[in-house]
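Everything on this sheet refers to the single structure shown next.
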Amino acid sequence: MKILFVKLGAIGDVVQAAAALRIFKDSHPNHEVHWIISKGLLDFARSMSVADELIAVSDKELLAGSFTQRVLALGRVALMLRQRGVRYDQILTGYADRRYELLTCLLKSSVKRRLGSSSFGRPLVQHRSRIYEYWRLLTGRDSDSDLDFPEAARQLGVSLMKDAEQEGQATSLPAAGYVLMVPGGARNLLRTDDLRRWPVEYYVELAERLIAQGHRVVLAGGPTDAWVLDHFSSVTCEKFIGKTSLAQLVKLAENALVVVSHDTGPMHLASLSSTPLVAMFGPTPANAFVAMGRPLTEVLSLQNRVPCSPCYDGKNYAACENAQCMKRITVESVEMSVQRLARGGTV
């Protein structure tokens with residue numbers, strides 16, 4: 001069977017989709033999967049080795065610019081797919097938003113379904129694991145057995161770290177044994193999701209406390225996270241923000257003693273490592289974005305004590321100018337989690 005899978009998305013979306021594809025391909029080795037993915041994440045997806053063919057498109061052209069520019073970009077993608085002349089048995093769109101089906105509107109297939117569509121049988125469940133939801137889309141059914149999401153994620157991490165080792169000469173990663181922090185992130189092509197962030201001043205205080213206890217602290221993130229560096233100007237820590245590839249960031253997490261992050265792309269990358277993880281959640285549901293059952297993972301969330309949380313509906317957040325669901329996660333509570341996991345404790 002030949003399947004066309006559509007999922008552009010940000011880093012976290014791609015990580016979760018890849019984990020579902022890993023499980024699917026392991027149980028359906030004779031199925032051929034072609035994946036339409038964002039051009040900027042092409043090498044990243046290739047390193048995870050979960051698709052037989054990757055088809056890169058520019059999500060910037062599709063999502064940004066004027067209405068006319070976006071329509072023209074959509075037409076170019078649809079025509080490109082038609083001209084490839086590949087006949088697919090199934091076309092699966094990893095979005096609840098039906099507009100993404102327009103990308104494949106010129107293709108014929110006996111089966112077309114998208115995440116949450118009526119043809120899927122049941123709607124997208126926002127608070128349920130996204131890996132599971134993508135797996136349901138791929139198989140067209142609910143699970144009748146246990147699915148090992150943490151193991152699928154670990155396999156992805158192993159593949160990525162092989163690439164990181166090959167890239168090692170380009171970036172000298174720090175010696176192992178530090179606390180890795182991800183104080184930025186939480187943004188995509190269209191917007192910055194400030195509500196998801198644990199306040200940067202909390203990260204600074206946590207770093208100062210851990211350093212005073214003798215821990216080394218390393219900062220990680222992408223090039224667009226450079227704004228956080230001014231906040232850490234007086235903190236003696238190692239700064240690797242914008243200095244690693246995505247594969248190297250997984251290796252950076254693997255070499256850490258503990259990773260501390262809110263819901264952001266680098267957190268998803270860190271979840272592919274075997275390192276203990278402290279993850280803070282507020283407006284987004286933790287169960288949807290962290291593979292439950294991952295060893296040595298502690299999720300800090302006040303969702304049952306903040307009545308408006310979580311407020312994310314899969315596309316938008318509630319109007320909010322004071323994210324108490326994140327601000328009330330104290331530095332002390334995160335510090336305790338770090339100390340517990342650094343000692344090898346279980347949650």
Side-chain angles (χ1 to χ4, degrees), residues 9-13 15-16 96 124-133 179-210 219-222 224-225 227-228 231-232 258-271 276-294 296-341 347:
I11 294 171
D13 299 320
V15 166
Q16 292 170 314
L124 169 68
V125 181
Q126 292 293 344
H127 292 192
R128 190 155 63 185
S129 168
R130 286 293 186 274
I131 301 175
Y132 180 70
E133 291 297 287
V179 175
L180 183 67
M181 293 186 181
V182 184
R187 64 187 303 160
N188 57 38
L189 181 65
L190 297 179
R191 67 186 181 191
T192 298
D193 294 336
D194 295 330
L195 296 179
R196 282 194 278 144
R197 291 189 186 130
W198 198 48
V200 65
E201 58 268 24
Y202 290 18
Y203 278 104
V204 171
E205 182 181 346
L206 177 63
E208 291 172 338
R209 291 186 181 207
L210 294 175
L219 305 181
T224 57
D225 296 327
W227 63 271
V228 308
H231 294 272
F232 286 87
V258 180
V259 177
V260 181
S261 178
H262 47 260
D263 179 16
T264 183
M267 184 210 72
H268 291 281
L269 295 175
S271 73
L277 171 66
V278 180
M280 291 86 76
F281 280 81
T284 53
N287 191 59
F289 300 109
V290 174
M292 296 296 104
R294 182 185 185 275
L296 295 175
T297 301
E298 188 156 351
V299 172
L300 300 183
S301 173
L302 300 178
Q303 290 178 355
N304 63 339
R305 283 167 280 173
V306 179
C308 56
S309 174
C311 65
Y312 184 61
D313 63 5
K315 183 179 180 180
N316 296 308
Y317 302 86
C320 178
E321 297 180 357
N322 188 16
Q324 289 297 307
C325 56
M326 296 301 291
K327 292 179 179 179
R328 285 167 56 183
I329 299 175
T330 65
V331 174
E332 290 80 8
S333 65
V334 178
E335 180 185 8
M336 289 176 61
S337 293
V338 171
Q339 291 172 340
R340 179 163 50 252
L341 292 175
V347 181

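What you are looking at is a predicted structure, and each value in this text was computed from that prediction instead of being measured.
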Of all the heavy-atom pairs spanning Ala220 and Leu180, show the shortest one and how long it is. CB-CD1, 3.6 Å
Shortest non-hydrogen contact from Asp263 toward Arg196: O-NH1, 2.7 Å
Counting only N and O atoms by type, is there a donor-acceptor contact under 3.5 Å from the side chain of Tyr202 to the main-chain atoms of Lys327? yes
Residues at least two apart in sequence or cross-chain that pass side chain to side chain contact (heavy atoms under 4.5 Å, CB included) with Ala207, listed by chain then number, are Met181, Val217, Phe232, Val235
Minimum heavy-atom distance between Val228 and Gly184, given as atom pair plus value: CG1-CA, 4.0 Å
Can you name the closest pair of heavy atoms from Cys325 and Val306 and give their distance? CA-CG2, 4.0 Å
To the nearest 0.5 Å, what is the distance between CG on Leu206 and CD on Glu332? 10.0 Å
Can you measure from CZ (Phe289) to CZ (Arg130) and round to the nearest 0.5 angstrom? 4.5 Å
For Val182 and Thr264, which heavy atoms make the closest approach, and how far apart are they? CG1-CG2, 3.9 Å
For Asn287, is there any backbone N or O sitting under 3.5 Å from a side-chain donor or acceptor partner on Arg128? no
When rounded to the nearest 0.5 angstrom, what distance separates CG in Leu210 from CD in Glu205? 10.5 Å
Give the ring-plane orientation class for Trp198 versus Tyr203, where under 30° counts as parallel, over 60° as perpendicular and anything between as tilted. perpendicular
Correct closest heavy-atom pair for Met267 and His262 would be CB-O, 3.3 Å
Is a side-chain N or O of Thr297 found less than 3.5 angstrom from the main chain of Leu277, in a donor-acceptor match? no
Heavy-atom side-chain contact between Met326 and Met280 under 4.5 Å: yes
Expected output: side-chain Glu133 to main-chain Ala288 donor-acceptor under 3.5 Å: no
Between Ser337 (side chain only) and Ser333 (backbone N and O only), is there a donor and an acceptor less than 3.5 Å apart? yes
Is a donor on one side and an acceptor on the other found under 3.5 Å between the side chain of Arg294 and the backbone of Ser271? yes
